[in-house]
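Note that the structure is predicted; figures quoted are calculated from it, not measured.
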Amino acid sequence: MSKPAAKPAAHPPAKPAAHPPAAAHPVAAGVGTIADVNPHTVSTVFNAIWAADKSRIPPFHENKFKADQFHGNFVVKICDAPKAARGNLLKTHNLFKLYKWNKDKKIYERTTNTEFLKDPANKSYKLVYDLFDNYESDENKPEVNTAEECKEIAEFLSYVADSEPCKVAAAYLRSKYGNSANLDRDDKESFSNRAKFIEKLKKIWFDQYDWGKMLSLSGFEHTFVGERRADGTVMGYHFWYKYFVDDSTDNATGQDAIDFNRRLDDASSDDYIAIRFAQLVDSDGDGVIDGSGDAQLFKSFGSFFVGCSAECKVALGTIAYYETKAAWAERRKNRTANDVGHDDEGMSASINGHNYKLSMHRGGDKHQHCRSFFPEKI
């Protein structure tokens, strides 16, 4: 959502006022060891993180969706576009529809984002929802960072660090890289200390940095929220729930900003989707998305896991971040004059029975921040 035109310092305070207490205790409390996880198999830990996601919303393609079969308090239905309209920009087509279980009728009924966020069990989604409107979408404009926004980030990170997916991630990192020469000392210390782990998550995902003409970038904004380029391209935007919110009128703007174009994957998994779409953003800052003075952006290929919670995505991405950081450091030690290694890459992994390339791009000074993280089915 567009911010006021004032130009403050491009970087938020190093430590938000509402930062959690610094008392140290193991991140993996309640998990302890990962005896069932091979500490050197990335696919295994990714599956362990996936299985630990208590906030996951089960996804079902509309052909598999059975309204009278219980799978949890909420489920998300993936809806195909009408065949006759495929290939066009569809203003009224909703790719995702959210359903809530009616205990009395014993059936799922369609629900809204507002009702969804009222359920205490969906606290994770409320915390990430509150972050969506904190960002200037234009990647060439600086952010206006407020104390309230820093507080929201701190609350989100505190919740994420205590979630089961991040406990599994921290235990894996401690087991595999606790004594590694390829990571910094403060990296390794954070795997066993909650306060330090939160600081690392903040640095990886939320600390802002400039890169050429691009200002106030962060991994969270790019990956979870999305940015816009001057040529009208949607950059990032790899979180299914953000798409669901934007593709409705039940959001902060009260307006549907998404025009669906087409699905690009083979639809063989309900966990993953790749699509093409257009997005209308409030680029003139008048608080109304009406096409008058606003920008229509286009995403030619966007992919995300469906139903995956924010904490699960952070945990998966944090593993990918450290795996690529350690691998890059190893290559730099062994490089020749013509082989300096490449930092922007990812890894192949099998998650819940399907194979993916998980791309992790790092950026900023010494590539200490996440630039982007997204899956691509292979």
Side-chain angles (χ1 to χ4, degrees), residues 1-19 127-157 160 198-239 242 245-246 251-253 257 279-287 289 294-295 297 299 302 310 313-314 317-318 321 325 343-344 359-374:
M1 192 162 96
S2 295
K3 299 265 189 166
K7 187 175 182 178
H11 300 276
K15 292 186 178 181
H19 199 283
L127 291 171
V128 76
Y129 177 81
D130 288 342
L131 300 176
F132 288 162
D133 66 351
N134 290 356
Y135 295 94
E136 162 61 59
S137 63
D138 189 335
E139 64 182 10
N140 293 322
K141 293 182 179 180
E143 295 290 349
V144 177
N145 302 292
T146 69
E148 179 64 24
E149 290 168 355
C150 291
K151 179 182 178 182
E152 290 171 353
I153 290 172
E155 290 174 345
F156 174 77
L157 287 175
V160 166
I198 288 175
E199 281 295 322
K200 278 296 176 181
L201 292 178
K202 178 177 175 292
K203 184 175 184 178
I204 293 168
W205 293 99
F206 286 95
D207 279 5
Q208 295 168 10
Y209 61 95
D210 298 340
W211 203 355
K213 294 182 179 180
M214 299 181 290
L215 306 177
S216 306
L217 304 177
S218 73
F220 179 85
E221 179 188 7
H222 181 93
T223 303
F224 284 80
V225 182
E227 302 161 325
R228 63 184 171 98
R229 186 170 282 176
D231 64 2
T233 302
V234 176
M235 302 299 294
Y237 204 111
H238 298 294
F239 188 37
K242 177 63 162 55
V245 169
D246 288 348
N251 52 45
T253 68
Q279 179 189 21
L280 198 64
V281 298
D282 180 24
S283 55
D284 59 8
D286 64 358
I289 300 176
D294 293 325
L297 314 178
K299 183 75 172 177
K313 188 171 180 67
V314 166
T318 300
Y321 170 88
K325 182 176 182 179
D343 189 38
D344 292 339
S359 292
M360 165 53 67
H361 298 267
R362 297 188 292 126
D365 182 42
K366 298 181 181 179
H367 290 213
Q368 294 297 301
H369 311 282
C370 168
R371 173 57 182 151
S372 185
F373 174 66
F374 59 93

Please give me the minimum heavy-atom distance between [X] and [Y], naming the atom from each residue.
X	Y	result
S216	P142	OG-CA, 3.4 Å
S359	H361	CB-NE2, 3.9 Å
E227	L217	OE2-CD2, 3.6 Å
K299	G236	NZ-O, 3.0 Å
Y209	C370	OH-O, 3.8 Å
G317	M360	O-CE, 3.2 Å

Is any side-chain heavy atom of [X] less than 4.5 Å from a side-chain heavy atom of [Y]?
X	Y	value
D207	K202	yes
T318	L201	yes
F206	L131	yes
N145	Q208	yes
K203	E199	no
N140	M214	yes
M235	R228	no

Sequence neighbours left out, what passes side-chain hydrogen bond (donor to acceptor under 3.5 Å, both in side chains) with D231? Give chain and number order.
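D231 satisfies side-chain hydrogen bond (donor to acceptor under 3.5 Å, both in side chains) with T233 only.
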Heavy-atom donor-acceptor pair, [X] side chain to [Y] backbone, under 3.5 Å:
X	Y	result
E143	E136	yes
Q368	D365	no
H369	R362	no

Interatomic distance, [X] atom [atom1] to [Y] atom [atom2] [nearest 0.5 angstrom]:
X	Y	atom1	atom2	answer
R371	S218	CZ	OG	8.5 Å
E148	D130	CD	CG	8.5 Å
K242	F132	NZ	CZ	6.5 Å
Q279	D246	CD	CG	5.5 Å
T253	D133	OG1	CG	10.0 Å

Only one of Y129, F224, F374 passes ring pair (Phe, Tyr, Trp, His ring centres under 6.0 Å) with F239; say which it is.
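Of all the options given, the one that passes is F224.
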Salt bridge (charged side-chain N to carboxylate O under 4.0 Å, His left out) involving E221 - partner list, sequence neighbours excluded
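Scan of E221 (salt bridge (charged side-chain N to carboxylate O under 4.0 Å, His left out), adjacent residues dropped) gives none.
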Contacts of type salt bridge (charged side-chain N to carboxylate O under 4.0 Å, His left out), residue K313, not counting sequence neighbours
none
Would you sort out whether T223 and W205 count as a side chain to side chain donor-acceptor pair (under 3.5 Å), showing the intermediate values?
CA-CA 9 Å; T223 303; W205 293 99; over 6 Å; no
